[in-house]
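One-based numbering along the sequence shown.
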Amino acid sequence: MKIDGRLANGNYLVSMTQEEIANVAGYNSGYSIPSNLHEDGRVNGPLVLGTEFRVTKAFHQNRELFGQEKKVRDAAGMLRTLADMMEAAGPSEIIPPANEAPAESA
């Protein structure tokens, strides 16, 4: 990406490849940009001039997901620990197999 100029309203004029546009807009690649945003309707074809991407919205969404990563990793670690504890205690003695009903006491 190259900044080519600044407009009177404070916006910038930039030169970007389609891959760079895709990444800034939150897509994995140019092939991920929806076909209706391409001039000829073909994936990875030329983009329609004047197309607006909500870059700030995509950024905040990605930032929010990234911020949740620690919580997800912590939860996964807790689940692993609980699974290890169950395995060590012998889950077959604690939890009856799904196809067998618990024995009734007489």
Side-chain angles (χ1 to χ4, degrees):
M1 178 175 85
K2 176 184 172 194
I3 298 175
D4 291 327
R6 186 172 52 224
L7 305 175
N9 64 3
N11 291 343
Y12 291 91
L13 184 63
V14 297
S15 296
M16 299 173 72
T17 66
Q18 187 161 311
E19 287 296 310
E20 289 171 324
I21 292 171
N23 294 154
V24 166
Y27 297 101
N28 290 332
S29 73
Y31 290 101
S32 301
I33 297 174
S35 59
N36 65 322
L37 300 180
H38 298 274
E39 288 178 358
D40 53 9
R42 293 180 317 145
V43 173
N44 215 33
L47 294 172
V48 175
L49 297 180
T51 299
E52 291 186 31
F53 292 98
R54 296 178 181 209
V55 175
T56 302
K57 181 180 177 183
F59 169 79
H60 287 294
Q61 213 168 12
N62 288 335
R63 183 176 177 169
E64 178 67 25
L65 289 171
F66 183 74
Q68 299 300 320
E69 182 179 8
K70 182 181 182 331
K71 290 180 185 177
V72 171
R73 288 185 189 279
D74 290 348
M78 183 182 297
L79 289 172
R80 279 189 207 96
T81 301
L82 290 172
D84 290 343
M85 289 170 56
M86 287 178 66
E87 190 175 77
S92 61
E93 295 173 18
I94 299 170
I95 303 171
N99 58 355
E100 292 182 19
E104 293 183 27
S105 50

If you look at every heavy atom in Y27 and S32, which pair is closest and at what distance?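 That would be CD2-O, 3.4 Å.
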
Considering all heavy atoms of both residues, which atom of M1 and which atom of E20 are nearest to each other, and what is their separation?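 Shortest heavy-atom contact: N-OE2, 2.5 Å.
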
Are [Y] and [X] linked, directly or through intermediate hydrophobic residues, by side-chain heavy-atom contacts shorter than 4.5 Å (ILVMFWY only)?
| X | Y | result |
| --- | --- | --- |
| L79 | M85 | no |
| V24 | Y12 | yes |
| L37 | Y31 | no |

Separation of [Y] [atom2] from [X] [atom1] (nearest 0.5 Å):
| X | Y | atom1 | atom2 | answer |
| --- | --- | --- | --- | --- |
| I21 | I33 | CD1 | CD1 | 6.5 Å |
| I3 | S15 | CD1 | OG | 10.5 Å |
| N11 | R6 | CG | CZ | 11.0 Å |

Give every residue pair that meets the side-chain hydrogen bond (donor to acceptor under 3.5 Å, both in side chains) criterion with at least one member in residues 52-62, sequence neighbours excluded.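 Qualifying pairs: none.
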
Does any pair with a residue in residues 64-82 pass side-chain hydrogen bond (donor to acceptor under 3.5 Å, both in side chains), and if so which ones, sequence neighbours excluded?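 side-chain hydrogen bond (donor to acceptor under 3.5 Å, both in side chains) check on residues 64-82 returns E64-Q68, E69-R73, K70-D74.
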
Any donor and acceptor pair, going by atom type alone, linking the side chain of E19 with main-chain N or O of G30 inside 3.5 Å?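 Judged by distance alone, yes, a pair lies under 3.5 Å.
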
Other cluster members, L7 - Ile/Leu/Val/Met/Phe/Trp/Tyr, side-chain contacts below 4.5 Å: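 Via sub-4.5 Å side-chain contacts, L7 links to none.
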
